[in-house]
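Take a look at the structure set out below.
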Amino acid sequence: MVKLAAKCILAGDPAVGKSALAQMFRNDGAHFQKNYTLTTGIELLVKAVSVPETSDSVEFFIFDSAGKDLFSEMLEKLWEQPNVLCLVYDVTNERSFNNCAKWLDKLRAQAVGVHIPGVLVGNKTDLVGRRVVEQKQAQEWAEKHGLEYCEMSVKEMKNFEAPFHILAKSFHQLYKEKVETFHSLA
Amino acid sequence: MRAADWCLSSAGAAVVLATSSDEQHPAENMADGSSETFWTTTGMFPQEFIIGFPKCVKISKVTIQCYLVQTLRIERSISKDPVDFEECIEKDLQHTEGQLQMEEFPLPDFQATYLRFIIKSAFDHFVSVHRVMAEGTAENT
């Protein structure tokens, strides 16, 4: 049994629902915060999830990052040595989807030469009539950039745990592979 | 007096603290005299471990066999308890693809009851430490 620890960077444009996701995940869907609060800098949340079919778990140190450019300089210092990425966009806001490329570049620059598992998350799927980014389009983009993909509606408490389960599985897999490598060294 | 390796559980040394724990790869593996067994870190840095000696020993050289460690700092304590550490050395290690890092730290004769190893950064998400050695002679105190 092992408990892994992962620094998880949660990033994306302002108001796509990063903090809503983090809060919802932390308190197990107990409460959806209706009021918008602008995140300045970083908010840190800690929560563990178990890895299916093992007795292992991953404790996430979620660095919920400000989406506003104003804070980006400060973020780069706080993002050092990341383990996993969770990139969020709003399916009703094309700009937030297009900006994912920019966010991904910034995040990957933090760990050159190291594989960082990541997931792209489309939020606000409850706003069916206002949707502008199609699932297929986003999924293809994610695949092209080596990211997993999922969609959710934090407001309807749908699928908000999926991103973290995906990341836990990937990170656990990385650990197992690394241990295999360590074995082969002696 | 004959030179000896003090970082062996058979010589009375013990890992008194390690910040990561995988029961398959426990910290004791660093002091069992074998390079085949290892301790793994389980995510995020810094990580550290402290090795305690059965008494105050005199050390002239510290050697570590590890993998993917980038910045390593070694501290020592001469207290009865693992407190009041002072820095001995800090170094950026080279990445050795597919091969153990064997890092020797020749140190001017110094005394220690505890050695503390701090892994400040790494070349990957996880590192392994296979063996730690501290060469020296026993201090007659």
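Hydrogens, waters and symmetry mates play no part in the numbers below; they use all other heavy atoms, side chains included. Within every chain, numbering begins at 1; the chains are lettered A, B, ... in the order of the sequence lines, protein sequences first and strands thereafter.
When all heavy atoms of A:L185 and B:Q99 are compared, the pair lying nearest together is CD2-N, 3.7 Å. Scanning all heavy atoms of the two residues, the minimum distance from B:Y67 to A:F182 falls at CD2-CE2, 3.5 Å.
The environment of A:K106 atom NZ is dense: over 12 non-hydrogen atoms of other residues, nucleotides or ligands sit within 6.0 angstrom. A:K158 NZ: 12 or fewer foreign heavy atoms inside a 6.0 Å radius.
Neither A:F97 nor A:L10 shares a network with the other; the hydrophobic side chains, linked directly or stepwise wherever heavy atoms of I, L, V, M, F, W or Y lie under 4.5 Å apart, form separate groups for each. With hydrophobic clusters built from ILVMFWY side chains whose heavy atoms lie under 4.5 angstrom apart, A:L45 shares a cluster with A:L21. A chain of hydrophobic side-chain contacts below 4.5 Å, direct or via other Ile, Leu, Val, Met, Phe, Trp or Tyr residues, connects B:V127 to B:L93. Taking hydrophobic clusters as Ile, Leu, Val, Met, Phe, Trp and Tyr residues chained together by side-chain heavy-atom distances below 4.5 Å, B:Y114 does not share a cluster with B:V62. B:F110 and B:I51 fall within the same hydrophobic cluster, defined by Ile, Leu, Val, Met, Phe, Trp and Tyr side-chain heavy atoms under 4.5 Å apart, directly or through other members.
Both the backbone and the side chain of B:H125 come within less than 4.5 Å of a heavy atom in chain A. Heavy atoms of A:H183 lying under 4.5 Å from chain B belong to its backbone as well as its side chain.
Using a 4.5 Å cut-off between non-hydrogen atoms, the part of residues 73-95 of chain A that approaches chain B consists of A:Q81, A:P82, A:N83. Annotation: residues 164-179 of chain A contacts chain B through A:F171, A:L174, A:Y175, A:K178, A:V179 [non-hydrogen atoms, separation under 4.5 Å]. Interface with chain A: from residues 16-48 of chain B, residues B:S21, B:D22, B:E23, B:H25, B:S35, B:E36, B:F38, B:T40, B:T41, B:T42, B:G43, B:M44, B:F45 qualify, criterion being any non-hydrogen pair under 4.5 Å.
For the side-chain contact (heavy atoms from CB on, under 4.5 Å) test, no residue two or more places apart in sequence or in another chain qualifies with A:D105.
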